[in-house]
Each structure stands twice: as C-alpha cells, then as structure tokens.
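To find a chain, count down the sequence lines: A is the first, B the second, and so on, and within it residues start at 1.
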Protein chains: 2
Amino acid sequence: MNNNDENKISIKQIAKLSGVSPATVSRVINNNGRFSEKTRHHVMKVIKENNYGMNYIAKSLRMKKSFTIGVLVPDISNAFFSSIVLRMEKYLYSKGYSVIICNTDRDEQKELAYLRTLEGKMVDGLLVISGDQEFDPSVVQAQTLTVCIDRKPKNADNVVFISSDHYRGGLLATEVLIKKGCEKLGIIISHENLYSSRERLRGFKDALETYGLPYSVNKVIRVEDKETKPEAARLQILKSLRQGDLFDGVFAINDRLAFGAMKACREFGLKVPENVKIIGFDDDLLCTYSSPSLSSVKQDSDQLAKKACDLLLKLIHLEVLTSNERCQIIPINIVLRESV
Amino acid sequence: MNNNDENKISIKQIAKLSGVSPATVSRVINNNGRFSEKTRHHVMKVIKENNYGMNYIAKSLRMKKSFTIGVLVPDISNAFFSSIVLRMEKYLYSKGYSVIICNTDRDEQKELAYLRTLEGKMVDGLLVISGDQEFDPSVVQAQTLTVCIDRKPKNADNVVFISSDHYRGGLLATEVLIKKGCEKLGIIISHENLYSSRERLRGFKDALETYGLPYSVNKVIRVEDKETKPEAARLQILKSLRQGDLFDGVFAINDRLAFGAMKACREFGLKVPENVKIIGFDDDLLCTYSSPSLSSVKQDSDQLAKKACDLLLKLIHLEVLTSNERCQIIPINIVLRESV
DNA sequence: TTGAAAGCGCTAACAT
DNA sequence: ATGTTAGCGCTTTCAA
C-alpha cells in the first residue's frame, strides 16, 4: 500500500508500459467503452502495478469541470453552519466532488474576491449558505450554477433557493410563549439584515398580532451585528431589565442569544421558567444540557444540506428544475424543554 | 461590476487585444518584470475592460502548484475543530490559498481515498487535524508536505507535528480538583486511541500519583468511541453512580462529556460543585452559560492554527525547519468557573 | 477496437 | 523589453 513514488506517473507512460495508446488508457479508466475486455484487464494491471493516480488538474483543464464545489458560509465555527457543511461534504464526497470552504465573514469584498477565485478554479457549482443581503447572481458568471440556502437570491430566475421555514419558526415559538401565559414578550435579535432573522422577526410580530398583543418597538432587543456571542445578549438583556423593561417571555433569534438571556435573567433574580420563559432557535446540542434546559426551534439541517446538494447536482447534470424545485421551504420543529 | 460574460477570456485573447504576446501579458499579471511601464498600463487596461480572470486550473497544470491546501479533520461539526478550520481558512486565504475540507469521519478508508483525490488535485500541502491512530506519511507521496495538529506522525522525520499540551492540561485540571479537596476522582473519556485523549489521561494519572491518590481502573469511565455526545456520558455516569461508584471530582476529557456528567450528577441528586466538582476540556463558548458554569482547559486554537499554517507555508517555500520547529507544543490555560 | 493528433490556458526557456 | 514555442496530463474528434 506504500505510495511513496517520487514522480507521479501519467497516462502516457501507462500507455507505453501497456503497449496501447493514451486514448485507450483514458477510455479504460473512465469506462468509456471502445476497448476489449482483454485490453481492459491488461491496462488495469499496469495501472495497479505502477500506482497510477489521475491528475485531476489536467482532466479539469481539458473537460472544463473541476469536480469541486465552492461553499460560501459566513463563519464555519457557527454550530449550525458547520453541521450543514459536514452534511454537504459527506454527500458530495459520495458523489465524487470535493468542497472548497470559503468563510466570507459577512464581508462583501471578501465574498466577491472569493467568487473570482472559485471561478478561476473552475468550480462546478456554488453552495451559498446564509449571509447578509440578497445574493446577487450577476456577480458571478452566468454559467455558474448556484444554490442558496437561507439566503434569498436577488433574481430568483437563475438561482435555486432553499430555506427553513423561519417565519413559521418565529410564529410557533412566540405562540408557545403566549399559550404558556406570557403577556409581555421580548425578542432578542442580531444580524437583522439576514433573511432568516427577518423572517423569524416577522413570525414573532404576526403571532403577537394574531393573539392581540400590541407590538411595540421596545420589545425588540437588538444586539450588535458583529457581536453574535451570548455575552452581548446577556448585557443587552440586563440593560433592558434594569431600565424596568420587564417581560415574562423571551424569544431569542438563536440559542447563543438565548443562553445569554437566561444568564442575564438569573443574574437579575428572575427564575426561568417561573418568572420568565425563554425559547431559542437552532436546537444546539447543548440546549439539553443547560439548566434549565432550553426550548428551541430545530431546523432540519440534514435535509437542508441534502436537498441543496441534490439540486445543485441536478443543475450540474443539466436537468431542468420545476419552479417548485427552484424554491423550497423546509419545515421546522419545536422542541419544548424546561425553559418554557 | 457585472461579470456576466458567457465565455471566459484567456491570456491569449488579452494578448491579441493588447497587441502584445501572451508571455508579456503573463509577465504583467504576475509582475515578473521584463516589461515597460507603458505596456503594463495598456495590458492592465485591456484586462480590466474585458474582465479577465485567471484560469487557475491551467496555471496549476503548468506550474504543478494548485494554491490549494487539503485539510483533514475527523468532523467539522465539532466546535473545537471548526474554530481551528476557521482560523486556517482565514489565514491561508490571506496568503492566496484555498482550502479543501475533508471530513474523514475517523474512517481510515475514507482518509486514504481522500488523500488520493487531494494528490490528484495537486494540493500544495496537507493540514491534518486530530484523527485516530498515528498519521502514516508513507500513505502519501513523499513530496506531499504535511503538518499534523494534535496527531502524532508515525515517522516524525518528514512531517511537522504541532499540538496543545494535552498532558499538562490533564495534569493541571486534575490538580485543581485535588487542591479543591476532592479525594475520589473520576475521569470520563472517549476516543481513547486519540493522541490528545491519551495524553490527557496520562496527565490525570500522573497527578493522582503525585498527590498520593491511588489510581485504580474503576475511576476511568469510558464512553463508546462513536458516541461523543453528552448523552452517552450522562448515561455512563448515572450507571457508575447507581453502582455505588461515588466520586467528588470528575475530569471530563471534553466539555460535551462534562455537560453530560453535570446533568447526570444533578439527576442523581448531587450538587455541583458542593458534592462533586467537574472540569472539562476545550472551553466551549457555552461553558460560561451552563449552570453552574463549567471550568475547562482552554486550548489556544488561534495559535495552533496560525502556527500550523505558517509552518506549512514555510515548507511550501522550501525553507528548512529546525528540529524545534518541526515539533511544537502549545501551552494551555485553565479557566476556573463555578463547577469547581 | 484502437491510434494519432489537437488543444484546454498557462508559464518559462530561449531567442531577439 | 518582448516574442516564439513547447509542453504540463488529459480527453476527444477523426481516421483507420
């Protein structure tokens, strides 16, 4: 199994060693027919013996296809994103594709620069996960196949869009709080220009309206965009509480914010869930292990990832997608725990 | 800014449009000298006007250099790994490299297959993060430059090794528990063939010895390798407790296990930290937000990532490394919180 | 069923 | 300072 050859061997050399032409070797490797069984056997033997490995760079140049997918993600260290990327990588690997990972940092310039690089590396497709602003397909070459996850494309025509039902998540989460008796609700939110954040907020507002609870701006607690950490949420909530802005229910736009909120309430002397009920979003693994355990809205990241990859592969194989396929909303689930 | 060209333009065409040769265009693009300022201006203008973008595949084939680094990681959805990968990607991007991410799933076959693919894609180097068994450099071509993080290379000669001081982490964590008065310690551990796990365990044992606490096998609570989730830890700890295996201090090999242990103790009626003190490893963001907050050993993932990349880049630039550089141990920190 | 040859877009040696 | 040319390793047309 030792592959310690200094110089990679090429198809040309395999051809010479096998006494056939490079074309035939290529046909054998790719199982393209037009060779005899006997030839196949012999060529394969030589390939094994010499530990030949395909040079995908040369293949890519010739075929204008890199067997590589670019994945744009704001920040891979985010638990939800990394779980999606994990799924994508596994699925795409099984289909013969590699994944180039691009942390955009929510920086438009970096995103743009990365797109240029990815084009230069001839990626066969783009998976765009979340990110500020709508994704503008005109910044990539028209032939660049793209699937957006949790991020609206500017021009839905050429780009596939797939998303969790964030609106419904916000709606149901808020409804849970209301049905548990909460009357003064707060929402804690960051990254408000994110499509998913806006949708969750919209769900929150609509729920309030449905149940006749007046929505007023002071119920929205905003956390600086660049501060997605629980600490920022903790401070903001504490500030609100100290200003006399009391609430008996909090919908946190994500679990990290929820953990920060829980801590703030505890520090302020409020008990969860007795005095204030809290629900988060993303169903982080640790929701079960906080005390009290945290209720949360769970996205089906497996399905999100798999569907996105499937659709991209269909595009790559030049299949025509129905308009239903080009825009899909994946249902969410509510997981109730002690915090409500 | 619209880049919606259907056909990418090549150096050859830029050359024709500029009235110079392809070689000159190449020189201008790569700033390789041997062209006049006037030519530069003109060529650059044509490049801008026609929205030329480098074809890195062709460049790679010619230069035998892909400006791409392969990153092998057991599971990117692990918080510690993803934070390292985030750092690596950012740093390498700033140096002009892209990152192909490979989840090995701790599966030797998948790892091997990926290595073949990466070689075929002519990656300029390999960053290997953790993983079972030692990394065997003989499974890759000799010229494949490799840096191992938290994973021992089988033959230290050709591969750079860089790791946190897991041994010291285990030692200090255990010491903290002992100094806080614990006398019956337990360690909860998974993935015991991981270099890092073994080192942490070794630190635990040595601390016990140093303080004259007899080490006996029943203090080691093992969690199935494939079950790294807190739930498995919770069940194992509960089982131990019910068997009458009481302890007043637990060192968990990672934070997830610690969270599970904390929950188990709570369920068994033990108070943390009054009855049992707990310390974890990795300093997950949520250590601060659990209740009680969790003490933990913090690895310097930023430095780990940066050093690993720096060393790899040095190898790529054919710099000779000193033996000190080829094997580095990064110090850890203990973060004490309520759980002790 | 097989082979010869062209060419993907780039760089680098060599020539001028 | 600039151009000519060969060739990286592969696939694919065309011819046999």
Side-chain angles (χ1 to χ4, degrees), chain A residues 5 7-44 46-47 50-68 116-117 119-124 141 143, chain B residues 5 7-44 46-47 50-68 116-117 119-124 141 143:
Chain A
D5 324 302
N7 335 322
K8 290 207 89 169
I9 195 167
S10 74
I11 279 194
K12 217 182 215 166
Q13 308 185 52
I14 293 290
K16 198 160 282 172
L17 291 169
S18 313
V20 298
S21 75
T24 298
V25 176
S26 172
R27 290 187 190 112
V28 168
I29 291 173
N30 298 294
N31 230 308
N32 267 339
R34 284 168 296 165
F35 53 83
S36 70
E37 185 56 23
K38 191 177 146 228
T39 307
R40 212 207 85 221
H41 255 81
H42 183 224
V43 169
M44 286 310 265
V46 177
I47 283 180
N50 294 79
N51 224 304
Y52 168 80
M54 173 73 76
N55 182 326
Y56 286 101
I57 294 289
K59 186 178 186 130
S60 296
L61 180 60
R62 179 61 229 246
M63 295 181 74
K64 296 184 175 309
K65 177 164 172 37
S66 65
F67 309 94
T68 304
R116 292 288 87 77
T117 304
E119 282 169 357
K121 291 195 175 175
M122 289 184 158
V123 292
D124 300 334
Q141 295 164 255
Q143 75 269 24
Chain B
D5 325 301
N7 334 323
K8 291 207 85 170
I9 195 168
S10 74
I11 279 194
K12 220 182 215 164
Q13 307 186 53
I14 294 290
K16 197 159 284 171
L17 291 169
S18 316
V20 298
S21 75
T24 299
V25 175
S26 172
R27 289 185 192 114
V28 168
I29 291 174
N30 298 294
N31 229 309
N32 267 338
R34 284 169 295 163
F35 53 83
S36 71
E37 185 55 23
K38 191 176 145 229
T39 307
R40 213 207 84 222
H41 255 82
H42 183 224
V43 169
M44 286 310 265
V46 177
I47 283 180
N50 294 78
N51 224 305
Y52 166 82
M54 173 73 76
N55 182 324
Y56 286 101
I57 295 291
K59 187 180 184 123
S60 296
L61 181 59
R62 179 61 228 244
M63 294 182 72
K64 298 184 174 310
K65 176 161 175 42
S66 66
F67 309 93
T68 304
R116 292 288 88 75
T117 304
E119 282 169 358
K121 292 195 175 175
M122 290 184 158
V123 292
D124 300 333
Q141 296 163 256
Q143 76 270 24

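OP1 or OP2 of C:dG3 lies within a sub-4.0 Å distance of a side-chain N or O belonging to A:S21. OP1 or OP2 of D:dC10 has at least one side-chain nitrogen or oxygen of A:Y52 nearer than 4.0 Å. For C:dT2, the OP1/OP2 oxygens have a side-chain nitrogen or oxygen of A:S36 closer than 4.0 Å. Contact check, A:K64 against C:dG9: a side-chain N or O comes under 4.0 Å of OP1 or OP2. Dashed line: the shortest gap from a side-chain N or O of B:S60 to OP1 or OP2 of D:dC8 is not under 4.0 Å.
A donor-acceptor contact under 3.5 angstrom links the side chains of B:N30 and B:K59, judged on distance only. No hydrogens or angles considered: a donor-acceptor pair under 3.5 Å links the side chains of A:K121 and B:T68.
Atom CZ in B:F67 sits about 11 Å away from atom C1' in C:dC10, given to the nearest Å. Atoms CD1 (B:I57) and C1' (C:dC8) sit 11 Å apart, rounded to a whole Å. The distance from atom CE of B:M54 to atom C1' of C:dC8 is 15 Å, rounded to the nearest whole Å. The CD1 atom of B:I14 sits 14 Å away from the C1' atom of C:dC10 (whole-angstrom rounding). Atom NZ of A:K12 and atom C1' of C:dA4 are 12 Å apart (whole Å). Summarising the geometry, the separation between NZ on A:K59 and P on D:dG9 is reported as 16 Å, rounded to the nearest angstrom. One interatomic measurement links the two molecules: CD of A:E119 to P of C:dC10, which rounds to 14 Å at whole-angstrom precision. One atom, CD1 of A:I29, and another, P of D:dG9, lie 14 Å apart when rounded to the nearest Å.
For B:N55, the listed nucleotide lying nearest its side chain is C:dC10; candidates were D:dC10, C:dC10, C:dT2. Candidate nucleotides C:dT1, D:dC10, D:dT13 were compared by shortest atom distance to the side chain of A:T39, and C:dT1 ranks first. If you check D:dC10, C:dC8, D:dT2 against the side chain of A:L61, the one that comes closest is C:dC8. When distances are taken from the side chain of A:I11 to each of C:dT2, C:dA12, D:dC10, the shortest belongs to D:dC10.
Nearest heavy-atom pair, A:A15 versus A:S21, reported as atom, atom and distance to 0.1 Å: CB-C, 3.6 Å. For the pair A:Q141 and B:K8, the tightest heavy-atom approach, listed with the atom from each and the gap, is NE2-CG, 2.9 Å.
Paired with A:V20 under the rule side chain to side chain contact (heavy atoms under 4.5 Å, CB included), one option of A:T39, A:I14, A:V28 passes, and it is A:T39.
Taking for each of B:Q13 and B:R34 the nucleotide of DNA chain C with the nearest heavy atom, the 5'-most of the two is the partner of B:Q13.
At the heavy-atom level, B:G120 lies nowhere under 4.0 Å from the strands shown.
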